[in-house]
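In what follows, a single structure is set out as structure tokens and then discussed.
These numbers come from a predicted model, not from an experiment.
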Amino acid sequence: MPGPLEPEVNRHGTEAAGTIAPAYSENTQRIRILMADDHSLMRDGISYILQTQPDFEVVGGASDGLEVIEQVRALKPHVILMDLQMPNLNGVEAIRRLLAENDQLKIIILTTFNTDEYIYEGIRAGAHGYLLKDVPKEELFKAIRLVYQGQSLAQPVITARIFKLLARGGANSGEQPALTERELEVLKLMAQGDRNKEIAQKLAVSENTIKTYVAAVLQKLNVTDRTQAAIYAVQKGLVRLEE
């Protein structure tokens with residue numbers, strides 16, 4: 001069973017806000033959601049579940065990548081739930097084209113275990129979230145709200161598979177940021193999916209100390225969250241993850 005969703009850590013090293021959804025009122029803007037999946041039962045079922053939330057509005061559903069692009073232009077959604085394996089135009093290419101037209105769109109990948117390569121390409125294309133299709137509905141709700149607020153996230157089980165793919169791909173050459181030995185230790189544990197509390201326990205220091213290290217790592221790598229930091233670190237060979 002997938003682990004619980006956790007928000008990314010921001011540049012200050014603190015856990016990102018928004019783990020508890022704000023109270024909804026009639027004056028709150030509803031989050032406009034577009035479902036993109038070539039399986040109608042999956043598309044309709046998830047749409048039905050989303051409509052139970054007072055701050056969600058499912059504005060459309062698309063069955064292939066070209067239709068996604070058309071509907072985004074016509075319906076102006078805030079968040080797109082994107083399958084990756086679709087006919088005519090796959091989800092990865094649809095993400096690239098959509099963000100090239102409007103980089104303010106928020107896109108969450110909904111995928112299955114057998115699409116690791118597509119997940120990696122989806123990250124590179126600019127997706128903001130990465131979830132398995134069997135994610136509990138409460139975690140899906142949370143993910144949509146967090147991404148809408150401008151955060152990025154991934155289920156730990158998804159993140160671990162991405163990092164193993166990157167590790168198998170080898171390190172890229174190029175100038176590398178100057179991280180201290182302790183910062184590299186923290187970065188490796190981040191890449192393995194550990195949160196601040198777990199890293200603090202393993203390194204026998206306080207959680208506040210780890211927050212300081214995380215903030216320094218993000219600043220030196222010039223990234224905004226720990227998922228981006230870990231991906232960068234594996235790509236550049238700063239850390240090596242065991243198979």
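What you find for E183 and A178 is that their closest heavy atoms are OE1-O, 4.3 Å. Between G60 and L75 the shortest heavy-atom distance is CA-CD1, 4.0 Å. In terms of heavy-atom proximity, V147 sits nearest to H128 at CG1-CB, 3.8 Å. For the pair Q51 and E57, the tightest heavy-atom approach, listed with the atom from each and the gap, is OE1-CA, 4.1 Å. In plain terms, the two heavy atoms of Q29 and Y148 that are nearest each other are OE1-OH, 2.9 Å.
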Requested in this report: Could you walk me through whether T52 and F141 pass side-chain contact (heavy atoms from CB on, under 4.5 Å), step by step?
Outcome: CA-CA 10 Å; T52 65; F141 299 158; 4.0 Å; yes
Under 3.5 Å, sequence neighbours excluded: what are the donor-acceptor pairs made by side chains of residues 62-72?
residue	atom	partner	partner atom	Å
S63	OG	E67	OE1	2.9
D64	OD1	L66	N	3.0
D64	OD1	E67	N	2.8
D64	OD2	N88	ND2	3.2
E67	OE1	S63	N	3.0
E67	OE2	Q71	NE2	3.2
Q71	OE1	G61	N	3.3
Q71	NE2	G61	O	2.8

Acceptor/donor pairs from residues 94-109 side chains to any protein atom, 3.5 angstrom cut, sequence neighbours excluded:
residue	atom	partner	partner atom	Å
R96	NH1	E93	OE1	3.2
R96	NH2	E121	OE1	3.1
R97	NE	E93	OE2	3.3
E101	OE1	R73	NE	3.2
E101	OE2	R73	NE	3.3
E101	OE2	R73	NH2	2.4
N102	OD1	Q104	N	2.9

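Contact check for T180 versus K220: side-chain heavy atoms found under the 4.5 Å cut-off. The closest side-chain heavy-atom distance from K211 to N208 is below 4.5 Å. Looking at heavy atoms from C-beta onward, L189 lies in side-chain contact with L203 at the 4.5 angstrom threshold. Taking 4.5 Å as the limit, every side-chain heavy atom of D37 sits out of range of all side-chain heavy atoms of I46. Residues I144 and Q53 have side chains not in contact (no heavy-atom distance under 4.5 Å, counting atoms from C-beta outward). With a 4.5 Å cut-off on side-chain heavy atoms, Y213 and L187 do not count as touching. Residues L179 and V186 are not in side-chain contact: their nearest non-hydrogen atoms beyond the backbone lie 4.5 Å or more apart.
With values rounded to the nearest 0.5 angstrom, I199 atom CD1 is found 13.0 Å from K188 atom NZ. The CG atom of L50 lies 5.5 Å from the CG atom of L140; values are rounded to the nearest 0.5 Å. To the nearest 0.5 Å, the span separating OG1 on T111 from CG on L84 amounts to 4.5 Å. Annotation: the span from E198 atom CD to I210 atom CD1 amounts to 11.5 Å, rounded to 0.5 Å.
Comment: E185 engages R182 in a salt bridge, judged by a side-chain N to carboxylate O separation of less than 4.0 angstrom.
Judged by distance alone, with hydrogens and angles left aside, the side-chain atoms of R30 form a donor-acceptor pair with the main-chain N or O of F56 at under 3.5 Å. In this structure, the side chain of K197 does not engage the main chain of E207 through any donor-acceptor pair within 3.5 Å. R43 places no side-chain N or O within donor-acceptor distance of the main-chain N or O of M35, the cut-off being under 3.5 Å. Side-chain atoms of Q219 never come within 3.5 Å of backbone atoms of A216 as a donor-acceptor pair (strictly under, hydrogens ignored).
Judged as a salt bridge (Lys or Arg N to Asp or Glu O under 4.0 Å), the pairs with a partner in residues 77-88 (not counting sequence neighbours) are, in order, D83-K133.
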